[in-house]
Each structure stands twice: as C-alpha cells, then as structure tokens.
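When a residue number appears, it is its place in the shown sequence, counting from 1.
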Amino acid sequence: MSPAPPPRFPPSPREASAELLARVPKLLDAMRSVGSGLELHSTLHRICETAADLAQARYAALGVVDEDGYGLADFVHHGLDEATVRRVGRLPDGRKGLLGALVSHPEPVRLTDLAQDPRACGFPEHHPPMRSFLGVPIRVQGEIFGNLYLTDKHGGEPFGDHDLAMVRVLATEAGIAIGNARLHEAAQQRERWIDGSVAVTTALLAGGDTDDALQIVAEQARRLSGAAAGIVLLPADGGGLEIVAVDAPHPTNILGAVIPPENGIVAELLTGRPVFVDDAATDPRLAAGPARSYGPVMLLPLSRDGNILGGLVMPRARGERPFTRTERALGDRFASQAALALTMAEAQRDRERLAVYEDRDRIARDLHDLVIQRLFATGMMLEDAQRRTVVPEVRDGVGGAVDELDVTIQEIRSAIFALQQPADAPAGLRTRVLREIGMAAVPLGFTPAHRFVGPVDTAVGDVTGKNLIAALRETLSNAFRHAHADRIEVVVDATATLPDGRPGVRLTVADDGIGIPEGGRRSGLHNLERRAETVGGASRIGPGIGAGGAGTTVLWEAPY
C-alpha cells in the first residue's frame with residue numbers, strides 16, 4: 001500500500017504575499033498583452049489565452065452577453081482543439097445552467113467541482129471533463145459585456161484567492177481593451193457603410209443601366225451586413241414586391257419572383273416599417289419560399305418622403321448571430337440613402353427623358369412643317385411640269401421623280417411616327433422588322449430594301465405584330481432558300497384597307513427571284529395563311545419585281 005500524501009496546509013501570510021509578488025510581473029505582461037490590439041474578435045481570443053496562462057487553467061472562454069441580456073451573442077474559447085469542438089457541436093447560448101446564472105447574476109463565482117453545483121446542467125456528449133471553475137464578469141464603461149470563464153487549474157487544484165484577484169484585475173483591463181476595440185470597430189463599421197452608400201449613390205447617378213445600379217445596391221448590402229445574400233425588392237405591377245436584384249455566392253432562381261401582398265412581412269414593409277427576424281426557419285411569416293433556408297434576416301423599406309420605393313433584404317446563414325442594434329441602425333441609414341439615390345436617379349432620368357422628348361418633338365415638327373411641305377411643293381411643281389411637257393422621255397422622267405418624292409415623303413412620315421414614341425419604350429414593330437431584315441442580310445449577302453408607311457408602332461397590336469414578324473421571317477427565309485433573289489423589297493403599311501373595308505396592316509415582300517415552280521413545296525405559304533387567319537387576316541401572292549414580273553410578291557395583311 002502506497003503511503004498517504006502529506007496533508008496540505010494553507011500558505012502563511014508571508015508565503016501568500018511572496019507568491020502574489022512573484023506573479024505581479026506576469027500579471028503586468030498579461031495586461032499589456034490584452035490591450036495590444038484593436039480588432040474586437042482578436043482581442044477576445046487574446047483575453048482568453050492570457051487569462052488561461054495567468055491562472056494556469058487548461059480551458060478558458062469568454063461569453064458575450066446579447067443586447068437583451070438573456071443569453072450569449074458570442075462565445076470565444078481557448079484550449080479545445082477543432083476536432084473536439086466539432087464533436088461537441090453547438091456552442092452554449094447562456095440561457096440555462098451555470099452560464100445562464102452568470103448572465104442573469106454577473107458576480108464572481110469560484111467552484112471546486114462543477115458537477116456538485118446545483119446550477120450545473122451537465123455537459124453535452126463528447127465534451128471534455130471539467131472540475132474546478134472560476135467565472136468573472138467583464139464590464140465595459142460600467143455595463144456588463146460578458147463573463148470570463150476558467151476551468152481545470154493545472155495540478156488538479158482549485159482556483160485560489162490570488163487567482164481570483166488577478167483575474168479580476170485582468171477583467172478590468174479587458175473591459176478597457178474591449179471598449180477601445182468596440183470603438184475602433186464601430187468607427188470602421190460606420191466608415192464601411194458610408195463608403196457603401198457613396199458607391200450606391202455614384203452608381204445610381206452615373207446614368208447607367210438601372211438593373212446594374214440595383215445590383216450594386218444588393219452587392220453592397222450583402223457585403224456591409226455580412227449577410228449570405230443581398231436582395232432588392234420593388235413594387236410589382238399586380239401588387240406585392242418583386243425580386244429585381246440578387247447578390248449571392250451561389251446561383252439562384254428567385255430573380256423575378258413576386259412576394260404576394262398578403263404576406264405579413266410585405267404588408268409591414270409597404271407601410272414603411274423595418275422587420276427583423278431572428279430565425280427565418282421558425283418565423284411563421286416566412287412559412288414558405290427560399291427564406292426558410294436562412295437564419296436571422298433584416299428587411300428594410302426603401303422609403304423617401306413617405307413613398308415606399310421597395311425593400312432591401314439581408315439574410316444571414318442559419319446559425320449565425322442576429323443583427324445588433326448598431327447594425328440595424330446602420331442598415332436603416334443605408335436603406336434611406338439608397339432610397340434617396342433611387343429618387344434622385346429617377347428624377348435625373350426624367351429630366352433626361354424630357355430633354356430627349358423635347359428634342360425629338362422639335363425634330364419631328366421640323367420634318368413635318370419644313371421638309372415634307374417643301375417636298376410636297378416640289379412634287380406639285382414637277383407634276384405641273386409633267387403635264388406641260390410634250391417630250392415623252394422627259395414626261396416619264398418627271399413622273400419617276402414624282403413617285404420617288406412620294407416614297408420619300410412616306411418614309412419621312414414613318415420617321416416622324418418613330419420619333420413620337422417614348423425614348424425608353426420597348427422595341428416597337430418597326431425596330432423588330434429592322435432586326436429581322438438585318439439578320440436576313442447575312443445569309444442573303446445583301447440588305448433588303450425597306451419602307452414603313454403610317455404609325456406602325458402605335459397602330460398595330462401585339463398579337464398582330466408578333467404574327468407579322470413571323471410572316472416576315474418566313475418570307476425572307478423562302479427568298480433565300482428557294483427564290484435565289486438578288487433584290488428584295490419589304491413594305492409595312494399601317495394605313496392599309498383590307499378587302500372587307502377594315503383598317504389594318506399590310507406586309508409586302510417582293511423579290512426578283514425564280515418564283516414558285518409548278519409542283520413546288522408550298523408549306524411556307526400555308527404557314528403564312530394560317531398566321532393571317534389566326535388574327536382575322538389573309539395572305540396571297542403575286543408577280544415579283546424582276547423584269548416582266550419575275551419573282552414573287554407576298555402580301556400578308558391583318559386587322560390591327
């Protein structure tokens with residue numbers, strides 16, 4: 001049998017004083033180490049490491065109390081390797097057990113055996129065993145910031161009075177260091193949000209594409225908030241909010257999705273109230289949709305002078321910490337700045353559109369009042385000269401000039417109609433016809449001649465316009481594949497009168513090719529007829545524009 005260990009006696013006052021004096025240099029080094037940085041998270045890690053070394057503890061941790069004072073917003077630890085941390089799983093939230101008691105009653109606690117304390121609720125599976133415990137609150141500018149925890153003093157001894165005294169001194173110095181780090185971090189954070197607001201304002205007022213500017217808003221919102229995504233919402237035509245810009249690390253298919261107005265969160269945003277969600281997976285207002293895969297979410301209205309322009313959504317990954325009051329305030333200011341920039345950008349675009357409208361109106365008026373009238377007067381003079389001349393060649397030449405003037409007048413009128421369309425209007429029928437002609441020019445080897453008559457963009461409806469474009473595509477394809485034409489003329493007449501007397505649009509495509517051989521395929525012509533019948537029109541063919549009527553002329557017409 002081995003002899004019993006000699007009994008331990010408390011140190012004498014002289015021994016205690018000598019021990020304390022011997023540890024003072026180490027305490028001073030620890031205090032200097034704690035205050036050596038300004039980055040907050042690094043400072044917290046340094047406090048844990050320094051406290052563990054000072055008190056000769058195997059493990060150390062620092063729990064940051066959340067803004068509500070009911071749990072921990074962050075938990076920094078020292079002494080556990082990464083493999084053990086992964087096996088243990090979720091970090092403590094400070095809402096129960098001994099850590100919860102220290103959150104609700106921030107006073108120093110010293111225990112010989114954790115398992116014997118009635119406040120302890122046990123360790124999770126794979127958690128390393130711990131016995132001795134020392135907990136000390138950390139105050140920053142008089143307010144509780146968190147608690148410093150030390151466990152398992154080396155040698156199996158409990159933490160003594162000297163340990164408590166030095167850790168309390170260290171906690172005081174830690175409070176000063178944390179306060180400085182928080183001020184530094186808050187200044188940097190405000191600077192980042194200000195820079196982001198400037199970037200958004202610059203992008204919106206640069207006069208570029210609106211979608212690109214909104215994408216920059218989403219990118220900046222995600223970057224500044226540390227969110228998993230940045231999402232911009234704008235009012236949808238049928239009510240609710242439409243997702244118009246998304247910035248996320250992975251591709252997403254939510255762009256263009258509309259959140260209905262019945263959604264409770266949408267209703268709050270549309271009234272100008274911000275919405276903060278602690279966990280999107282459990283919030284009943286987010287019962288469906290992609291938001292269920294996220295954790296904390298900050299939803300801010302984009303409002304200006306009482307007008308709701310849209311919304312800004314910044315979701316964090318599941319398990320991430322909720323947004324702090326500072327982050328919410330900075331996010332709200334960013335949203336207000338983005339809304340102001342959107343308003344100013346829209347006003348700037350309105351001024352630019354107005355200037356374009358005025359300029360286009362002036363050009364159209366000049367063309368109508370000056371050019372067309374002069375051409376018309378010139379045409380009348382030529383017609384008078386044609387009637388008086390007796391030389392057939394001269395009379396024919398003057399007649400040809402009059403016909404060319406009529407065509408020129410029609411083309412100028414078409415240009416006037418085009419000028420009267422809004423500068424930012426969607427591509428009209430005229431533009432789509434020109435696009436088809438441009439694409440056909442590549443295989444044909446030449447650009448077909450074209451002419452527009454009347455208000456092509458305003459008179460022809462969407463359905464008729466779509467079928468007309470399909471008919472044009474079919475006829476140009478036939479001219480290339482079968483007619484072997486060298487010349488093609490395309491005319492779109494929005495002033496046509498149909499055989500039954502109804503007003504409509506007539507597409508004429510004439511070529512000088514080989515025509516339609518007897519017994520040749522006519523599936524293309526049948527397609528034209530079906531498209532015309534779909535919109536109540538008709539299609540027919542006639543002689544072309546080659547010598548002696550060689551070639552083919554396709555007439556496709558339909559009511560507006």
Side-chain angles (χ1 to χ4, degrees), residues 8-13 15-37 41-65 72 74-81 84-85 91-92 94 97-99 101-103 105-117 119-120 123 127-140 144-178 181:
R8 295 177 58 89
F9 298 99
S12 65
E15 292 174 334
S17 298
E19 181 185 353
L20 182 60
L21 287 174
R23 297 172 70 176
V24 165
K26 194 172 184 178
L27 175 61
L28 295 176
D29 288 340
M31 293 171 66
R32 185 169 58 252
S33 173
V34 165
S36 61
H41 217 69
S42 298
T43 299
L44 300 182
H45 277 284
R46 194 162 49 251
I47 291 171
C48 289
E49 184 178 359
T50 304
D53 182 58
L54 182 65
Q56 298 178 343
R58 179 173 298 174
Y59 306 108
L62 199 159
V64 181
V65 179
L72 298 179
D74 198 3
F75 190 83
V76 179
H77 54 83
H78 168 75
L80 294 177
D81 58 80
T84 303
V85 173
L91 297 173
L98 180 59
L99 299 190
L102 287 173
V103 170
H105 301 286
E107 297 292 337
V109 174
R110 190 165 35 138
L111 302 173
T112 302
D113 189 353
L114 273 170
Q116 303 302 319
D117 192 276
R119 294 168 294 185
F123 294 119
H127 196 288
M130 297 178 180
R131 294 195 63 188
S132 56
F133 176 86
L134 176 61
V136 177
I138 296 178
R139 288 178 168 83
V140 177
I144 291 296
F145 174 82
N147 291 289
L148 179 61
Y149 317 111
L150 300 169
T151 60
D152 272 18
K153 185 175 176 66
H154 291 305
E157 300 177 2
F159 292 102
D161 293 338
H162 297 328
D163 296 318
L164 175 59
M166 287 191 297
V167 171
R168 292 183 74 169
V169 173
L170 182 65
T172 302
E173 181 63 24
I176 298 172
I178 290 171

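A 6.0 Å sphere centred on CZ of Arg168 holds no more than 12 heavy atoms belonging to other residues, nucleotides or ligands.
Here the closest heavy-atom approach between residue Ala60 and residue Cys48 is recorded as CB-O, 3.4 Å. The two residues Ala51 and Leu148 have their closest heavy-atom pair at CB-CD2, 3.7 Å. The nearest pair of heavy atoms linking Phe75 to Gly63 is CD1-CA, 4.1 Å. Across all their heavy atoms, Pro137 and Ile144 have their closest contact at CB-CD1, 4.1 Å. Among all heavy-atom pairs drawn from Lys153 and Ala55, the shortest one is NZ-O, 3.2 Å. Across every non-hydrogen atom of His78 and Glu49, the tightest pair is CE1-CG, 3.9 Å.
When side chains are defined from C-beta on, Leu98 counts as touching Leu111, because their heavy atoms get closer than 4.5 Å.
At distances below 3.5 Å, not a single donor-acceptor pair connects side-chain atoms of Ser132 with backbone N or O atoms of Thr112. Counting only distance, with no hydrogens or angles, the side chain of Arg131 and the backbone of Gly156 share no donor-acceptor pair below 3.5 Å. A distance-only check finds a donor-acceptor pair linking the side chain of Asp163 to the backbone of Gly160 [under 3.5 Å].
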Subject >> side chain to side chain contact (heavy atoms under 4.5 Å, CB included) evaluation trace for Leu102 with Tyr149 >> reply: CA-CA 10 Å; Leu102 287 173; Tyr149 317 111; 3.4 Å; yes

**OP:** Apply side chain to side chain contact (heavy atoms under 4.5 Å, CB included) to Met166 and Val169, showing your working.
**Re:** CA-CA 5 Å; Met166 287 191 297; Val169 173; 5.6 Å; no

Subject >> Residue pair Asp161, Arg110: steps toward the side chain to side chain contact (heavy atoms under 4.5 Å, CB included) verdict >> reply: CA-CA 9 Å; Asp161 293 338; Arg110 190 165 35 138; 2.7 Å; yes

Original post:
Given Phe159 and Val167, is the side chain to side chain contact (heavy atoms under 4.5 Å, CB included) satisfied, shown in steps?
Top reply: CA-CA 10 Å; Phe159 292 102; Val167 171; over 6 Å; no

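Between the CG atom of Leu62 and the CG atom of Asp74 there is a distance of 8.5 Å, given to the nearest 0.5 Å. Note that the CZ atom of Arg58 and the CG atom of Asp152 stand 5.5 Å from one another [nearest 0.5 Å]. Between the CZ atom in Phe133 and the CG atom in Leu99 there is a gap of 6.0 Å [rounded to 0.5 Å]. Of the inter-residue distances, the one linking Arg119 atom CZ with Leu114 atom CG reads 10.0 Å to the nearest 0.5 angstrom.
Only one option out of Val65, Ile178, Asn147, Thr172 pairs with Ile138 in a side chain to side chain contact (heavy atoms under 4.5 Å, CB included); it is Ile178.
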